Amino acid sequence: MKISELFNQKTVMSYEIFPPKRSDPIYSVYDTIDRLKDLNPDYISVTYGAGGSMNNQDMIKIAADLKNSLSIESVAHLPCLNISRDDVRNIIRMLHAAEIDNILVLRGDRNKEIRPKRDFKHASDLAAFIRKTGDFNLIGACYPEGHIESRSRAEDIDNLKIKIDSGVSQLITQAFFDNRHFYKFREQALIAGIDVPIQAGIMPVVNSQNIKRLLSLSGVELPKKFKLMIDKYANNAEAMREAGIAYAIDQIVDLIAQGVVGIHLYTMNKPYIAYCINKAIKSLLAA
Ligand code: FAD
């Protein structure tokens with residue numbers, strides 16, 4: 001099923017997981033999946049490291065098991081910076097064979113240690129290539145505060161329009177901690193002619209390590225109340241976790257009240273956090 005069809009039926013709730021590191025057994029992620037299944041996800045997306053490593057096999061296996069063994073719609077992430085057209089053709093063939101209909105087309109983060117292949121420069125190039133090659137629902141990433149490499153938000157939105165015109169039919173945002181960025185971005189996107197569903201990506205920050213990594217990659221702004229929360233609870237793991245969950249719930253309640261079409265939860269493979277958030281908001285999704 002192409003998940004873009006869901007948005008005119010309900011407020012979509014999805015969860016993102018990642019394949020275990022190469023050193024860990026693949027089955028460790030299936031405990032997470034078993035517990036997410038109880039939350040009735042509209043879909044689960046599976047990340048894929050942009051290193052161009054061989055972990056696409058794990059990503060595809062997990063996405064295929066979600067779809068075919070557990071009847072949960074799945075989304076395969078596909079970063080293109082370090083792979084060739086032939087690699088993409090192979091991956092697409094495997095996704096097609098596994099009856100996976102949804103791909104999150106991505107450029108991927110740059111890695112100084114890996115020289116990018118030259119076939120795809122941007123996610124929009126990958127979208128255009130797949131659009132010609134197969135019948136998939138294509139999803140794209142977007143950035144309420146602008147992508148870290150963009151000179152301005154306006155430029156980033158112009159580039160996003162290229163991604164939509166290349167075949168992307170829904171978007172998921174990078175995490176943000178001040179909903180005002182999301183509302184402003186949604187409005188500016190619409191003015192630029194981007195009228196596809198935009199799901200808000202929410203990251204419950206449950207330890208200070210998460211936030212350091214996110215900041216180094218994305219440059220998102222941290223509102224004062226968020227910084228105060230981190231400062232107060234950084235040294236108390238349990239309190240930090242509860243505060244991070246409460247902050248995410250607060251964001252989601254406001255987003256749903258203001259008509260967001262869907263929430264995408266970055267679970268970081270921590271099903272307890274997803275469970276707490278789902279419990280607090282599930283009646284809002286149905287209302
Ligand atoms: P692009 O859309 O290519 O944008 C990158 C930069 O290029 C932006 O500054 C943009 O303005 C500019 N640009 C875009 N198109 C054009 C164009 N046609 N011409 C000129 N400039 C252009 N990374 C992973 O490695 N694996 C994952 O599984 C993964 N999952 C993610 C899931 C979500 C929901 C999000 C938000 C991000 C994810 N990422 C993942 C991170 C992502 O790969 C990085 O944010 C990366 O830096 C940009 O990817 P993109 O697809 O947005 O790139």
Side-chain angles (χ1 to χ4, degrees), residues 3 12 14-21 29 43-53 55-56 58-60 62-63 74-83 87-88 91 95 102-114 116-117 119-131 138-168 170-176 181-182 185 188-189 192 194 196-203 213-220 262-269:
I3 54 173
V12 169
S14 58
Y15 301 87
E16 180 172 307
I17 59 172
F18 52 82
K21 286 189 212 122
V29 77
Y43 70 88
I44 294 180
S45 77
V46 188
T47 69
Y48 172 14
S53 65
N55 79 352
N56 66 41
D58 288 351
M59 180 277 283
I60 294 171
I62 296 164
S74 59
V75 169
H77 292 215
L78 185 51
C80 61
L81 194 61
N82 300 318
I83 54 177
D87 294 331
V88 173
I91 292 171
L95 293 176
N102 304 286
I103 303 177
L104 176 50
V105 288
L106 294 155
R107 187 198 69 183
D109 284 316
R110 294 189 190 286
N111 179 337
K112 279 187 215 128
E113 282 157 31
I114 301 172
K117 298 236 167 107
D119 287 358
F120 304 102
K121 203 166 164 208
H122 294 292
S124 54
D125 303 327
L126 179 64
F129 181 75
I130 299 180
R131 178 57 63 239
L138 302 182
I139 305 160
C142 63
Y143 304 83
E145 297 169 63
H147 184 263
I148 194 164
E149 293 166 31
S150 284
R151 277 175 299 202
S152 67
R153 291 185 199 193
E155 179 192 85
D156 202 37
I157 288 189
D158 289 345
N159 291 335
L160 187 60
K161 180 73 168 69
I162 300 175
K163 191 155 33 181
I164 301 298
D165 293 342
S166 306
V168 163
Q170 69 184 83
L171 294 168
I172 304 174
T173 74
Q174 174 174 265
F176 55 89
H181 291 304
F182 178 83
F185 165 75
Q188 287 174 335
I194 297 171
V196 300
I198 304 177
Q199 264 183 279
I202 296 295
M203 179 175 286
R213 184 173 148 70
L214 183 73
L215 286 181
S216 70
L217 285 174
S218 69
V220 294
I263 302 292
H264 182 73
L265 197 69
Y266 295 101
T267 70
M268 295 154 295
N269 290 10

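Side chains included, hydrogens not; waters and symmetry mates left out as well; all remaining heavy atoms used. First listed ligand is number 1; within each ligand, the first listed atom is number 1. From a predicted model like this one, the values you see are computed outputs, not experimental measurements.
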Enquirer: If the cut-off is 4.0 Å to any non-hydrogen atom of I162, which atoms of ligand 1 fall inside it?
Expert: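 Those of ligand 1 that fall under 4.0 Å from I162 are 18 (N).
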Enquirer: Taking the side chain as every heavy atom from C-beta outward, state whether C142 and T173 have any pair of such atoms under 4.5 Å apart.
Expert: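 Side chain of C142 against side chain of T173, heavy atoms only: contact under 4.5 Å found.
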Enquirer: Which heavy atom of L106 sits nearest to which heavy atom of A141, and what is that distance?
Expert: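 Heavy atoms of L106 and A141 come nearest at CD2-CB, 3.7 Å.
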Enquirer: Below a 4.0 angstrom heavy-atom separation, can you tell me which part of F120, side chain or backbone, both or neither, approaches ligand 1?
Expert: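 The answer is neither; F120 stays 4.0 Å or more away.
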Enquirer: Can you check which of H122, E155, E149 brings a heavy atom nearest to atom 19 (N) of ligand 1?
Expert: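 Answer by nearest heavy atom: H122.
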Enquirer: Side chain, backbone, both or neither: which part of S150 has a heavy atom under 4.0 Å from ligand 1?
Expert: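 It is both backbone and side chain that touch ligand 1.
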Enquirer: Mind checking whether K121 has an N or O less than 3.5 Å away from an N or O of ligand 1?
Expert: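 No, there is no polar N/O contact under 3.5 Å.
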Enquirer: Check whether any side-chain heavy atom of D119 lies under 4.5 Å from a side-chain heavy atom of D87, and answer yes or no.
Expert: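 They are not in contact (no side-chain heavy atoms under 4.5 Å apart), so the answer is no.
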Enquirer: Show which atoms of ligand 1 fall inside a sub-4.0 Å distance from at least one heavy-atom site of Q174.
Expert: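 With Q174 as reference, the close atoms of ligand 1 come out as 36 (C).
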Enquirer: Suppose I only count heavy atoms of I172 and a 4.0 Å limit; which atoms of ligand 1 are within that range?
Expert: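 Near I172, the atoms of ligand 1 are 34 (C).
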Enquirer: Y266 to ligand 1: N or O pair under 3.5 Å?
Expert: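 Y266 vs ligand 1: no N/O contact under 3.5 Å.
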Enquirer: Between S45 and H77, is any pair of side-chain heavy atoms under 4.5 Å apart?
Expert: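 SC-SC contact between S45 and H77 confirmed.
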Enquirer: With a 4.5 Å heavy-atom cut-off, do K163 and R107 have their side chains touching?
Expert: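 Heavy-atom side-chain distance check fails, nothing below 4.5 Å.
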Enquirer: Is there side-chain contact between V12 and Y43, with at least one heavy-atom pair below 4.5 Å?
Expert: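 Yes; the side chains approach each other to less than 4.5 Å.
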Enquirer: Pick one of side chain, backbone, both or neither for how F18 approaches ligand 1, counting any non-hydrogen atom pair under 4.0 Å.
Expert: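 Neither; no heavy atom under 4.0 Å.
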Enquirer: Can you find a pair of side-chain heavy atoms, one from D158 and one from S150, that are under 4.5 Å apart?
Expert: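 D158 vs S150: side chains apart.
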Enquirer: Just so I know, are the side chains of F120 and V88 near enough to count as touching, which here means a heavy-atom distance under 4.5 Å?
Expert: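 They are in side-chain contact.
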Enquirer: Side chain, backbone, both or neither: which part of H147 comes within less than 4.0 Å of ligand 1 when only heavy atoms are counted?
Expert: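 The part of H147 near ligand 1 is the side chain, not the backbone.
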Enquirer: With a 4.5 Å limit on heavy-atom distance, are the side chains of P19 and V46 in contact?
Expert: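 Touching, per the 4.5 Å side-chain cut-off.
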Enquirer: Quick check on contacts: which atoms of ligand 1 are under 4.0 angstrom from a heavy atom of A141?
Expert: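 Listed by number with element: 35 (C), 36 (C), 52 (O).
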Enquirer: Given that the side chain starts at C-beta and the backbone is N, CA, C, O, which of these parts of S124 lies under 4.0 Å from ligand 1, counting heavy atoms, or is it both or neither?
Expert: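 Near ligand 1, S124 shows its side chain, while the N, CA, C and O stay back.
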Enquirer: Using side-chain contact (heavy atoms from CB on, under 4.5 Å) as the criterion, point out the one residue from N102, V168, I164, L104 that pairs with L138.
Expert: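 Result: among N102, V168, I164, L104, V168 is the only option passing the side-chain contact (heavy atoms from CB on, under 4.5 Å) with L138.
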Enquirer: Under a 4.0 angstrom heavy-atom cut-off, which atoms of ligand 1 come close to L104?
Expert: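 Those qualifying, in numeric order: 32 (C).
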Enquirer: Using a 4.0 Å heavy-atom cut-off, say whether H264 meets ligand 1 through its side chain, its backbone, both or neither.
Expert: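 H264 to ligand 1: no contact under 4.0 Å from either part.
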Enquirer: Considering only heavy atoms of D156, which atoms of ligand 1 have at least one such atom less than 4.0 Å away?
Expert: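 What qualifies from ligand 1 is 8 (C), 9 (O), 10 (C), 11 (O).
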Enquirer: If the cut-off is 4.0 Å to any non-hydrogen atom of T47, which atoms of ligand 1 fall inside it?
Expert: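 Once the distances to T47 are compared, the set is 28 (O).
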Enquirer: Atoms of ligand 1 less than 4.0 Å from G108 heavy atoms?
Expert: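 In order of numbering, the contacting atoms are 25 (O), 43 (O), 46 (C), 47 (O), 49 (O).
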Enquirer: Can you tell me which portion of H77 lies within the under-4.0 Å heavy-atom range of ligand 1? Options are side chain, backbone, both, or neither.
Expert: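 Side chain only.
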Enquirer: Checking side-chain contact (heavy atoms from CB on, under 4.5 Å) between L78 and each of I130, V105, T47, which is the one that passes?
Expert: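 It is I130; the other options fail the test.
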